[in-house]
Protein chains: 2
Amino acid sequence: MTDKKVKKADIVAVANAAKVSASTVSRAFNHPDLVNPATRKRINRAVEKLGYIRNRAAQAIHGRRNATIGLIVPTINHAIFAEVIQSFSDAIDEAGFTLLIASHGYSLEREYDMIRKLMEHRVDGIALVGLEHSEATFRLLRQQEMPCIAIWNYSGTSDMPCVGADNREAGRLAARHLLQAGHRDIGLIFPSIEGNDRARQRLEGAMEEIRTHGVEVRDAWRQESPYSITLAKQAVRGMLDSDQRPTALVCGNDVIAQGAIFGVQSRGLSVPGDVSVIGIGDFNGSLDMEPGLTTVRIPAEDIGKVAGQRLTGLILSETREMFRYRCDLNCIVRGTTRPLT
Amino acid sequence: MTDKKVKKADIVAVANAAKVSASTVSRAFNHPDLVNPATRKRINRAVEKLGYIRNRAAQAIHGRRNATIGLIVPTINHAIFAEVIQSFSDAIDEAGFTLLIASHGYSLEREYDMIRKLMEHRVDGIALVGLEHSEATFRLLRQQEMPCIAIWNYSGTSDMPCVGADNREAGRLAARHLLQAGHRDIGLIFPSIEGNDRARQRLEGAMEEIRTHGVEVRDAWRQESPYSITLAKQAVRGMLDSDQRPTALVCGNDVIAQGAIFGVQSRGLSVPGDVSVIGIGDFNGSLDMEPGLTTVRIPAEDIGKVAGQRLTGLILSETREMFRYRCDLNCIVRGTTRPLT
DNA sequence: GCATTTTATGAAAACATTTGCATTACTATT
DNA sequence: AATAGTAATGCAAATGTTTTCATAAAATGC
């Protein structure tokens, strides 16, 4: 009676208060149809009164599901991932799951650690960004038979189920748009491709398309820049200061494109008058820029939603079936590119 | 031996493989100093070989900590929250915690549900955005004695520990900057203040400051707009189309400011030539706009980091001490405002 | 070489819950 | 009224780990 160490209510406390056994309380939660409505009511009242909160941990111990899904992203602080995280979160929430999230800052080493961490929490499934992961990661996922899905990237021959876009195609589309507009002096600004298959494939796709058109890209016109407006701005300036400057730029994503545009403008040149710029992604906000950014749209919201639905489906159905979902890409022409006259 | 139903390795499997008891294995994890280095090595080899992964759920059942912290945000898909989530995540990761995240889409009802959900997962602590929450939420947190912290908002008289900025002050600073620059015809674009104490206080602060200067704000110059570039753009257009237009705009945050700028430009007017615009937040990217956005900087990264450190500290120390951390605000003058000559 | 302390380990209880099996009390069928 | 079937509930075992207590072995002090 001393409220010194007032123990938190557990299931037996509820059971006592409702004058039933713990089993019945448990059943009232997990198989409500098996318990008498009147009893159920009594139990609910007791729960209410005692402020009882179920313990998922104690459920998980019984091999039951945990109702958590782990998502590992390179970084949360990035428009495009934020968007995909949000729609993924909403989709799994719909199915009653909670999101356990971790970020690794573009290190596949750390990604592995994060996966282990999520597994210690006995998540019911894991979603990763991209299809490129360390050998240890693949081994671990296989060995633990963890339902998993790769988002953001599509490949017809992936080991994991995936929901995403064909990034090589995205790169191709971006380059093609410029080439078809008559551009031949094309610069490229992409992030480091280290541990980032999305960037690598986009770059490869773009280069491929350019070469197919018999066009060469000068070394000076290939710049590396992280996903940062400031740094992209700097990177593009270097390119413009050489005596020869490109008439068009393919950018690794919309953030880089944004930076590139500012870089061009800060040199007193105009977009698209002097330099056309195309991005990849179609981030929230790219539409609203002035001029609107021409870009290859990757439907982040779709990807998150479909991935969430598929992964929860996989978990609930207890199957491990393979599936690959490729979302459509299209080049959205707005105001930052123009045909070379 | 039939590998039909290969049971996942548990602690006793490891114990057997290492020829020790389960207790020793457990100790090897939790109190390594208590077990012989040689034995520890044997155990580690067994863990490695069997691919054993510890079960946090089974630990949590012992009242031990879970090493998870719950964070509930209105939305993930928002530059500013993404930034704060990232730094919060990094800070708690540093202390060995994992982030369980949920979003409620600006509904305090749903926020309550999410808190319950996190509690079912026996998170060790909870961080919420803002200081305005439902009565049920406060009751629940108090009753469960959950370590918690409010981020993003500071108040000297808050019930919860908090780490954030004084949003009223932020509003005041923004307005003051314009007033000191000689503006008297000032428009305001803020989101709905429903369940959003940050926005409400900013608006109140701004209005307060304006009135203090003996200036009135016309009704037509007070527009509501969500945190969306497109919608803010529309909202500001309405304001500009009336025969009288303001010479300066205070915007609820940087996203709205961005939209406002585009809106002004799309009417053939110039920023800051015809209309000065000030935002609040200093998002990633506001620096890099052309012209750079004048704004009241709220150090999101700081807030996330400090909040993460304080909350983990609270949990680890097992105390419930109150603290309130107010971060500095300053008005960063860039290119979108100018003195009225 | 004995008593004492320290170090390393194991056995068993505890944790909060679920679940298979058993039991009881009804209801329906003949 | 006897039987079979069903609905509602309880008992007890099981889950994977931690922790307390006990014990054995080794190290230390004299």
Side-chain angles (χ1 to χ4, degrees), chain A residues 5-44 46-47 50-68 116-117 119-124 144, chain B residues 5-44 46-47 50-68 96 116 119-124 144:
Chain A
K5 196 74 190 175
V6 21
K7 284 263 294 168
K8 292 269 162 54
D10 64 0
I11 204 171
V12 309
V14 174
N16 291 337
K19 304 212 184 305
V20 291
S21 74
S23 346
T24 306
V25 178
S26 172
R27 263 187 295 258
F29 281 121
N30 301 301
H31 314 281
D33 43 315
L34 291 183
V35 18
N36 190 316
T39 319
R40 219 156 55 205
K41 209 162 200 172
R42 245 179 25 252
I43 292 174
N44 283 335
V47 166
L50 298 174
Y52 169 67
I53 295 197
R54 304 166 68 182
N55 190 335
R56 294 268 176 198
Q59 299 185 256
I61 224 177
H62 282 264
R64 294 193 115 239
R65 272 189 286 276
N66 209 357
T68 25
R116 280 198 77 97
K117 203 164 152 181
M119 283 178 167
E120 289 186 0
H121 287 286
R122 293 294 186 272
V123 293
D124 299 322
Q144 299 291 320
Chain B
K5 196 76 191 173
V6 292
K7 284 264 295 166
K8 292 271 161 55
D10 63 0
I11 204 172
V12 308
V14 173
N16 291 338
K19 304 206 186 305
V20 292
S21 74
S23 343
T24 307
V25 178
S26 173
R27 263 188 296 260
F29 281 121
N30 301 302
H31 314 281
D33 43 315
L34 291 183
V35 21
N36 190 316
T39 320
R40 219 156 55 204
K41 209 163 200 170
R42 248 183 17 256
I43 292 174
N44 283 335
V47 167
L50 297 173
Y52 168 68
I53 295 197
R54 302 167 69 184
N55 189 336
R56 292 268 176 198
Q59 299 184 256
I61 223 177
H62 277 264
R64 292 194 113 237
R65 271 188 286 275
N66 210 357
T68 25
R116 280 199 78 95
M119 283 179 168
E120 288 187 1
H121 287 287
R122 292 294 186 273
V123 292
D124 299 321
Q144 299 291 320

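Every chain is numbered from 1, with letters handed out A, B, ... down the list of sequences.
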- side-chain N/O B:Arg64 vs D:dT19 OP1/OP2, d < 4.0 Å: yes
- Message: Students often get this wrong, so: under 4.0 angstrom with heavy atoms, is A:Val25 touching a base, only sugar-phosphate, or nothing?
- Response: nothing
- Whichever of B:Ala58 and B:Ala22 has the more 5' nearest nucleotide on DNA chain C, that residue is B:Ala22
- Per the atom types in the model, does the base of C:dG10 pair as donor or acceptor with the side chain of B:Arg27 at under 3.5 Å? yes
- Reckon A:His31 has a side-chain N or O less than 4.0 Å from the OP1 or OP2 of C:dT19? yes
- Message: Categorize A:Phe29 for me: base, sugar-phosphate, or nothing, with a 4.0 angstrom heavy-atom threshold over every strand shown.
- Response: nothing
- Item | Distance test, side-chain N/O of B:Asn55 to OP1/OP2 of D:dT17, below 4.0 Å | no
- Item | Partner of B:Val25 by side chain to side chain contact (heavy atoms under 4.5 Å, CB included), out of B:Asn30, B:Asp10, B:Val14 | B:Val14
- Task: Considering just the side-chain nitrogens and oxygens of A:Gln59, establish if one lies under 4.0 Å of OP1 or OP2 belonging to C:dT17.
- Result: no
- Message: Measuring to OP1 and OP2 of D:dG10, would you say a side-chain N or O of A:Thr24 lies under 4.0 angstrom away?
- Response: yes
- Query: Between B:Ser23 and C:dA11, does any side-chain N or O lie under 4.0 Å from OP1 or OP2?
  - Reply: no
- Side-chain-base donor-acceptor pair under 3.5 Å for A:Arg122 and D:dG16: no
- Item | Distance-only polar pair, side chains of B:Thr24 and B:Ser21, donor-acceptor under 3.5 Å | yes
